[in-house]
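Reviewing the structure listed below.
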Amino acid sequence: MRLKQTLHISVGALVEYSLLSGDLNRTFFSSDRPIQAIRIHQRIQDSRPKEYQAEVSVHHLVKTDKYDLQVSGRIDGVYRYPGRAVIEEIKTTRRPLVAVREEENGVHWGQAKCYAYIYCIHNDLNSIEIQLTYYNLDSDKSTEIRRVFDITELEEFFDSLVSKYLEWADTIIQWIKLRDQSIKKMRFPFEQYRVGQSKMLEEAESAIADRAELLIQAPTGIGKTMAVIFPAVRSIDQGRTNKVFYLTARTTGRNAAEQSLRILRNGGLRLKCLSLTAKDKICFNTDKLCSGDDCAYAKGYYDRINEALRDAFGQDSFTRDVILTIAQKHKVCPFEFSLDLSLWVDFVICDYNYVFDPRVYLKRFFQNGAFDYVLLVDEAHNLVDRSREMYSATMHKNSILRLKRHVKTRLLHLQKSLARINSWMIEVANELPKDENYEAKEEYPSDLCQRLREFTTLAEKWLLLNEQTDFREDLLDLYFDARRFLSTADRYDETYATCYTKAGKDLTIKLFCIDPSQYLREVLQKCAAAIFFSATLTPMQYFVKLLGCSEIARTLSLPSPFPYRNLRVLIAGKVSALYKYREFTKHEVARMISAMIDQRKGNYFIFFPSYEYMRMIHEIFQKRRPRVHIIMQEPGMSEPARDRFLARFSGRTDGFLTGFAVMGGVFAESIDLVGERLTGATIVGVGLPQISLERELIKNYFDNVDGSGFAFSYQIPGMIRVLQAAGRVIRSDEDRGVVLLIDTRYSNPPYRLMLPQEWRPLFVDNVDKVGTVLQDFWRR
Ligand code: SF4
């Protein structure tokens, strides 16, 4: 006998699906204070009498002919008395409690009525009381609204919600059937596996099956994207996964994932795949506010969204363009629509921050409980520094001052509050050591936090009025910065430091997260499995630790699939790139670069650890080789400028082109210059990040943990940059190319041992040797 399929839905989602109506309002809302809200919930729950039980889970199975619908949720609390009960739902608000009592919130009552119904039928009650408790975050006061409901009324209400939803559920069930049948038939889309690809695929499959974390170092050419997507999709049909998140920070990564899914779909796979695009890149009305009063796509959003979702379900692939088309057709905000759609699709491609950043992450997925999600994290080496930023927060004195001048006389109370923050900052700036413009402290600035709290309370009150003024945007920006700062302060512990940096009249205060691994861990624990992959995850233990993986995380390191003989790696180990010797060695460095390119016409990249060093060598090299075309990376290049830069690397050339660029920059990662587009690369130095306050904090922190400070702060991040930069040279089977590493430190084991074994680098003592070895290489 075939078991009926069960569809799961939370009480919250059921109620929102059926009851939400009207405008979208994202101009200002106060619900993103999870930590504070959780604390208040707990405080209220703790204050209740002994008859009260907090966090009561409820489940109810609705049976239909074709499938079962499991409705689940968690009641904030239940007062249990003999023969009767009171269900409590707690809500935090910034709205005045008088207004809250007057304006009945249908969604809040709807949620509580569903809980009440399920509680009644599972506890044999014919009637029940519901208490909505509203807690005002500003006044620290609460109000309670109680009503009695009988089971018939609750049943009618619950059934009406369910029957509204069942039509959509039918669509979902039919879709799941279709999808799973197609996954069963899915075959690997290529005739052959590439070298290393089947191993990677098998390991990924087994990690997902075992609900494990897996880190894979796999060089270019293995076909990493398909090797992780294929088993992840297969696990959906096998019931191990109910959604896959493919996380990537770059457009190239997103394109690769979309392309792999397209190939699978062309082979017959039915899978709903969505690419999430940042709000500012998909918004129809960038100059408007996200409210029904301002933007036509927010007006009546909830009245049209269900129809838009039904329409969207006719398609499988939701790229940015598809989202824009459907959103335009139904006049709904494309960004919010894509978030709503993400609930129903099988595969989501998005930036890291949608999953890991506490302020951006898809709350609808990650807020409560653990789920059968699979995370596929592309270019995972970047997540270490990205996550540091996600869990850090910054306040700038200049922004405070600008807003203070803006609101002057018009909002006196806000102006005074900003003045108090500003004067605190002036005091701190004056106390900074005279010879330095920066300082780090172990404690967070509680005085500042108190002043910021006062500011956010006042700002919220004004923002809730929704008045349109010329300073509203600035105020909103500062308000959200302050909120971010305060919520980061809530997390502050020994993994944080406070950095004070003065630049001219500005002062920056940053709550810097030195080690975010515990927060990454929290997210990983909510997921079924996670696969981190990159061409550079050496040493693995560094990444296991900093990405928050468990100690039993699995690791896999695969060699390059390309013939070793196609790459010649030289180490000029007698030329120092140390800061203190750069003046002495700069001419030798330029000569080495010349010697490399002289052996074969073509396109070359010359990578440096800093712009300053790059410019120094550029000046000498230019004089030395006036006929060589040189292009140079500039800080903060726009996307069109970057494209123009890369377009110069356009295949076979009869001359010489050298692109001077920095390691760790946009040209040193994720760019594919296949074949003649890139002949070789020189890498000057070992890529160490510049000494900075933050790097020193990381160093000291890990020195205290286990003595690995320098390695974790400088050496490993530096060598990852080197390996990424060198990885630009060989991008296909036929590619041939050379890499010249210049620095004495490559002779030292900590650096040398991080180079891939298959490189078999050759140490060259002088310029002549560079010439002869490379002549020989190109002659073969
Ligand atoms: S279209 Fe743009 S302005 Fe309108 S609601 Fe969406 S994000 Fe906001």
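This is a predicted model, so every value here is computed, not measured. Whatever order the structure lists them in is the order used to number ligands and atoms, beginning at 1.
The two residues Leu132 and Ala112 make their nearest non-hydrogen contact at CD2-CB, 4.1 Å.
Shown here are the side-chain hydrogen bond (donor to acceptor under 3.5 Å, both in side chains) partners of Ser72, two or more places apart in sequence or in another chain: His59. In terms of the side chain to side chain contact (heavy atoms under 4.5 Å, CB included) criterion, residue partners of Asn398 (sequence neighbours excluded) are, by chain and number, Asp506. For Glu522, the side-chain hydrogen bond (donor to acceptor under 3.5 Å, both in side chains) test picks out no residue, with sequence neighbours left out.
For the pair Lys272 and Phe313, the cation sits on the ring face: its NZ or CZ lies under 6.0 Å from the ring centre, inside 45° of the axis. In this structure, Lys91 is not positioned above the aromatic face of Tyr134 in the sense of NZ or CZ being under 6.0 Å from the six-membered ring centre and within 45° of the axis.
Protein N/O/S atoms found under 2.8 Å from atom 8 (Fe) of ligand 1, listed by chain and residue number: Cys290 SG.
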